[in-house]
Amino acid sequence: VSALYAVDTVIPQVGDTIEIVEPLTLAQKLKIGGNCNVFLDGVSLGNGGDHDVQIATGSKLWASGCAITGGLDALQAGAVELTGCACFGALRAEGDGSGGSSRLDVRGCHTRGITVRPGGVAVVSDVVTSSEVVVEGGGSLSIASGFVFSDAPASTALYLGTAARLDAPGALNGRGAVGGAAGRVIAGPGSLFTYSAKPNITGTGAELGANKTTATFASLPIAGGTSGAYIVAR
């Protein structure tokens, strides 16, 4: 006998069989217009396209327990808050595509990757990624608490562009990252990475690249240098 339970209505008992059903597919493509507030819980979005879900100017999307198959973009002055979601595409603080005001808040999620365009902001905690986290020039990322864990990405785990910022009260960890000659963590000219705990990302190649050279996590902190990249304790 299978028992189907609605949340908060029935307490499962010893010997019960619980059936987990697929979430309802709300839309294969979702484009939220300007100045809207949208709340979603336990639905499926996207069909695998790179820009399936887009949140436009002045709008905000709150999503919890959702499965997002395609990519998700917070566009110019748009904001997205995700809690406990499975994201099989990339999450972007996209702005107008070249940068601009947009915001991502991601908590307790699994995602393919995170990209913060110039002028965008991302705040994350307890996130697992299967591809790299990129903060482009002038973008800002905060690991507010908990961790970001890069799970066997095929390239650099973290890339900071020119004058990008990353503040990490939480931990940056990972396994199996293929950093290559440049490093598993790359800090571009003028970038600033402040950490409470040194990164711990296993894999092949150099551990980090900054100021036109490579180094190990054990060599941190790095203060300035030929290109003015800083990786220092908070």
Side-chain angles (χ1 to χ4, degrees), residues 74 90-95 99 101-107 109 111-234:
L91 305 177
R92 302 181 187 87
E94 181 79 357
S101 174
S102 55
R103 181 180 177 93
L104 289 174
D105 286 271
V106 187
R107 300 181 179 89
C109 296
T111 180
R112 182 167 65 85
I114 297 174
T115 299
V116 184
R117 303 289 191 203
V121 175
V123 179
V124 301
S125 58
D126 298 334
V127 171
V128 177
T129 73
S130 57
S131 185
E132 64 182 351
V133 176
V134 177
V135 186
E136 296 184 356
S140 176
L141 173 71
S142 173
I143 306 174
S145 62
F147 61 86
V148 170
F149 189 94
S150 296
D151 189 10
S155 62
T156 296
L158 170 70
Y159 175 82
L160 298 177
T162 301
R165 297 290 182 266
L166 192 159
D167 183 42
L172 176 66
N173 298 316
R175 66 175 179 178
V178 181
R184 296 169 220 160
V185 172
I186 299 176
S191 61
L192 173 63
F193 177 3
T194 53
Y195 58 84
S196 291
K198 291 181 181 181
N200 180 18
I201 304 173
T202 63
T204 60
E207 290 188 342
L208 62 87
N211 299 318
K212 301 180 181 179
T213 187
T214 57
T216 66
F217 296 136
S219 68
L220 295 176
I222 293 175
T226 57
S227 63
Y230 287 81
I231 308 177
V232 295
R234 300 180 77 246

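Reckoned from all heavy atoms, side chains included, excluding hydrogens, waters and symmetry mates. Just so you know, these numbers come straight off a predicted model, no measurement behind them.
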Closest heavy-atom pair, Val127 versus Thr111, reported as atoms and distance to 0.1 Å, is CG1-CG2, 4.0 Å

In Å, rounded to the nearest 0.5 Å, how long is the span from CZ of Phe217 to OG1 of Thr202? 9.5 Å

Nearest non-hydrogen partners of Ser131 and Thr129, listed with the distance: O-OG1, 2.9 Å

Closest heavy-atom pair, Val116 versus Val121, reported as atoms and distance to 0.1 Å, is CG1-N, 3.8 Å

Distance, nearest 0.5 Å, that separates CD1 of Ile186 from OG1 of Thr156: 3.5 Å

Roughly how far apart are Thr216 OG1 and Lys198 NZ, rounded to 0.5 Å? 8.0 Å

Over all atoms of both residues, closest heavy-atom pair of Ser227 and Lys212: OG-N, 4.4 Å

Looking at Ala210 and Ala229, what are the two nearest heavy atoms and their distance? CB-CB, 4.3 Å

What's the spacing between Ile231 CD1 and Leu208 CG if we round to 0.5 Å? 5.0 Å

Min side-chain heavy-atom separation Pro199-Leu220 under 4.5 Å: yes

Rounded to the nearest 0.5 angstrom, the CG-SG distance for Asp126 and Cys109 is 9.5 Å

At what distance, to the nearest 0.5 angstrom, does OG of Ser219 lie from CD of Glu207? 8.0 Å

Heavy-atom donor-acceptor pair, Arg184 side chain to Ile201 backbone, under 3.5 Å: yes

For a 4.5 angstrom cut-off between non-hydrogen side-chain atoms, does Val185 reach Leu172? yes

Tell me, do Tyr195 and Pro221 make a side-chain contact under 4.5 Å, heavy atoms counted? yes

Correct closest heavy-atom pair for Leu141 and Val135 would be CB-CG2, 3.7 Å

Show the numbers, then the answer: is there a side chain to side chain contact (heavy atoms under 4.5 Å, CB included) between Leu166 and Leu158? CA-CA 10 Å; Leu166 192 159; Leu158 170 70; 3.6 Å; yes

Among all residues two or more places apart in sequence or in another chain, which pass the salt bridge (charged side-chain N to carboxylate O under 4.0 Å, His left out) test with Asp167? Arg234

